Amino acid sequence: MRLYIIGAGVIGRTHAEAAYKLSEPVQLRVADTNGDTLASFCEQFPEAVGFTNVQEMLNSEAAQKDDIVIISTPPLAHFDPTIEALESERHVLCEKPLAMNESQAREMIQIADKHTRLIGCCSVRFKGMPHMEAVKKVLRSGCLGDIYHVTFVNNWERSRSGIEYQPSSRWFLDSTKSGGGVLMDWGPYDFTTLNDILNPNKIVFNAAWSAKPHTEIDPLDSPFDVETHVGASMIYFNGSHPIHVHYERASCTHGEGYVKAEIEGTLGSLRWTPFDSKQPVFRRYDKQGQIIEEQVETGPRSQYTIFDNPLHHFYRKVKGLESHANVNDYALQNFQCLQSLYSVAATGQKQSIDFSSKGVTI
Ligand SMILES: NC(=O)c1ccc[n+]([C@@H]2O[C@H](COP(=O)([O-])OP(=O)(O)OC[C@H]3O[C@@H](n4cnc5c(N)ncnc54)[C@H](O)[C@@H]3O)[C@@H](O)[C@H]2O)c1
């Protein structure tokens with residue numbers, strides 16, 4: 001099969017490495033507008049055919065039905081190459097966040113549907129991992145009783161993309177290029193995980209907020225206008241059953257950093273570390289008035305890393321196999337969660353996303 005990578009930076013290279021773990025040989029093409037980055041990519045992957053122009057790459061040969069184009073540019077440059085790739089009749093796997101805003105995201109899905117192509121989002125990087133599947137299995141077994149509360153907090157003290165992490169990519173800090181801060185960066189994984197586990201037909205965003213704690217090393221020589229700490233109080237509905245969700249995500253906080261993912265039900269609870277698959281999953285329940293804590297069996301670790309997963313899931317979907325990919329409407333729904341959170345934080349007005357009618361209501 002043929003894989004076209006647009007954006008030869010840090011994450012584009014992880015997709016190229018993932019391609020060599022697919023079950024069939026891959027022919028690699030790559031486009032980057034930066035000639036130096038392109039040259040260093042082609043040095044690392046000498047079999048790749050390089051282009052500095054995206055259209056030239058897409059027009060260089062007729063599309064085949066299982067061609068996949070990966071968009072691994074900064075969010076500002078997701079929309080145009082996605083549309084060009086879909087119009088070239090190829091499937092598109094786009095990096096997270098899917099787009100800069102909801103209207104772009106909707107148009108991307110519409111164009112994909114019009115061309116009967118799949119469009120997926122790399123926000124599924126952690127989906128399908130054994131510890132996540134173990135959480136779902138316990139939850140679906142009913143042994144936790146009625147689920148009434150979920151805590152989903154990932155607060156890191158100093159982990160800002162563009163400062164502490166990958167400081168060479170300052171675009172993460174500039175909302176005109178990134179579309180937003182930590183919510184656009186990590187929120188796609190958070191909501192993909194929450195939605196996968198809780199399987200909602202509707203989410204009500206009751207309240208939300210965002211903040212940007214200052215540090216003495218905040219860059220002054222380039223734009224830095226994005227949030228680094230967000231939170232929301234939501235109700236997930238699975239049918240008519242409400243589950244209250246406390247959500248937080250920080251890449252910078254002066255509070256003590258902590259990670260807590262816990263599902264509480266009337267018969268038990270489940271606690272895990274969503275973004276560290278090496279950590280155990282615990283189930284707690286009552287025996288004769290005492291808490292019992294047991295480690296949940298999660299099975300062997302996957303042969304694929306979080307960097308392999310987006311392409312591997314999407315490839316399976318393109319081939320018509322069972323897959324953890326989120327494509328078309330599902331990709332849009334996850335993106336809508338980010339936009340609703342921003343909107344509620346900005347306006348103070350609650351919002352609902354109704355997954356059955358695909359609509360957002362205020
Ligand atoms: N870095 C990570 O760890 C990481 C992890 C997961 C997802 N992502 C996502 O991957 C995407 C890219 O991030 P990155 O860290 O690889 O960025 P990067 O800055 O390392 O690389 C981006 C590349 O895109 C190229 N580019 C920009 N506009 C282009 C265009 N119009 N056409 C062709 N090439 C263009 C740039 O020249 C650059 O080489 C982002 O959406 C990011 O959120 C990054």
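Here the structure is a predicted model, which is why all the values come from computation and not from measurement. Counting begins at 1 with the first residue of the sequence. Just so you know, ligand 1 is whichever comes first in the structure, and atom 1 is the first atom listed for that ligand.
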Student: Tell me: protein heavy atom nearest atom 21 (O) of ligand 1, and distance?
Tutor: G9 CA, 3.4 Å
Student: Tell me if the centroids of the rings in H244 and H149 come within less than 6.0 Å of each other.
Tutor: no
Student: Does R125 have a heavy atom less than 4.0 Å from any atom of ligand 1?
Tutor: yes
Student: Who's the nearest protein heavy-atom neighbour of atom 19 (O) of ligand 1, and how far?
Tutor: W171 NE1, 3.0 Å
Student: Can P81 be said to touch ligand 1, with heavy atoms closer than 4.0 Å?
Tutor: no
Student: Going by the rule salt bridge (charged side-chain N to carboxylate O under 4.0 Å, His left out), which residues pair with E133 if we only count those two or more places apart in sequence or in a different chain?
Tutor: K136
Student: Give yes if a backbone or side-chain nitrogen or oxygen of Q166 is under 3.5 Å from a nitrogen or oxygen of ligand 1, and no if not.
Tutor: yes
Student: Looking at T37, which atoms of ligand 1 are within less than 4.0 Å of one of its heavy atoms?
Tutor: 39 (O)
Student: Just which atoms of ligand 1 are under 4.0 Å from any heavy atom in H78?
Tutor: 41 (O)
Student: Classify the angle between the aromatic ring planes of Y20 and F45 as parallel (below 30°), tilted (30 to 60°) or perpendicular (above 60°).
Tutor: parallel
Student: For atom 33 (C) of ligand 1, grab the closest protein heavy atom and report residue, atom and distance to one decimal in Å.
Tutor: T33 N, 3.6 Å
Student: Between K317 and E322 (salt bridge meaning N to carboxylate O under 4.0 Å), is one present in this structure?
Tutor: no
Student: Taking the six-membered ring for Trp, are F275 and Y189 parallel (under 30°), tilted (30 to 60°) or perpendicular (over 60°)?
Tutor: tilted
Student: What atoms in ligand 1 come closer than 4.0 Å to a heavy atom of P74?
Tutor: 22 (C), 24 (O), 27 (C)
Student: Given Y189, Y165, W186, which one has a non-hydrogen atom that is nearest to atom 3 (O) of ligand 1?
Tutor: Y165
Student: Could you work out, for atom 18 (P) of ligand 1, the closest of G12, S169, G7 by heavy-atom distance?
Tutor: S169
Student: If the cut-off is 4.0 Å to any non-hydrogen atom of P75, which atoms of ligand 1 fall inside it?
Tutor: 41 (O)
Student: At less than 4.0 angstrom from any non-hydrogen atom of S72, what atoms of ligand 1 do you find?
Tutor: 12 (C), 22 (C)
Student: Can you name the one residue among I70, D32, D80, T73 that meets side-chain contact (heavy atoms from CB on, under 4.5 Å) with I6?
Tutor: T73
Student: Taking the six-membered ring of W272 as reference, does the cationic atom of R283 (NZ for Lys, CZ for Arg) lie under 6.0 Å from its centre and within 45° of its axis?
Tutor: no
Student: Heavy atom to atom 38 (C) of ligand 1, shortest distance: which of I5, D32, L38 holds it?
Tutor: D32
Student: Between P97, A77, P188, flag the one that comes closest to atom 31 (N) of ligand 1 by a heavy atom.
Tutor: A77
Student: Does at least one non-hydrogen atom of R13 fall below 4.0 angstrom from an atom of ligand 1?
Tutor: no
Student: Can you tell me which residue and heavy atom of the protein come closest to atom 20 (O) of ligand 1, and the distance to 0.1 Å?
Tutor: V10 N, 3.0 Å
Student: Under 4.0 Å from a heavy atom of N34: give me the atoms of ligand 1 that qualify, with their elements.
Tutor: 37 (O)
Student: Looking at R90, M57, Q55, which hits side-chain contact (heavy atoms from CB on, under 4.5 Å) with E84?
Tutor: Q55
Student: Quick one: salt bridge (Lys or Arg N to Asp or Glu O under 4.0 Å) pairs with a partner in residues 201-224, sequence neighbours left out?
Tutor: R160-D218
Student: Of the protein's non-hydrogen atoms, which lies at the shortest distance from atom 43 (O) of ligand 1, and what is that distance?
Tutor: K96 O, 2.9 Å
Student: Would you say the side-chain atoms of Y285 and Q290 include a donor-acceptor pair closer than 3.5 Å?
Tutor: no
Student: Among V30, I11, T73, which one has a heavy atom closest to atom 10 (O) of ligand 1?
Tutor: I11
Student: Which label fits Y304 and H312: parallel for a plane angle under 30°, tilted from 30 to 60°, or perpendicular past 60°?
Tutor: tilted
Student: When the ring centroid of F335 is compared with that of F191, is the distance short of 6.0 Å?
Tutor: no
Student: Same hydrophobic cluster for V92 and L22, using side-chain heavy-atom links shorter than 4.5 Å among ILVMFWY?
Tutor: no
Student: Which residue and atom name correspond to the protein heavy atom nearest atom 7 (C) of ligand 1, and how close is it?
Tutor: E95 OE1, 3.1 Å
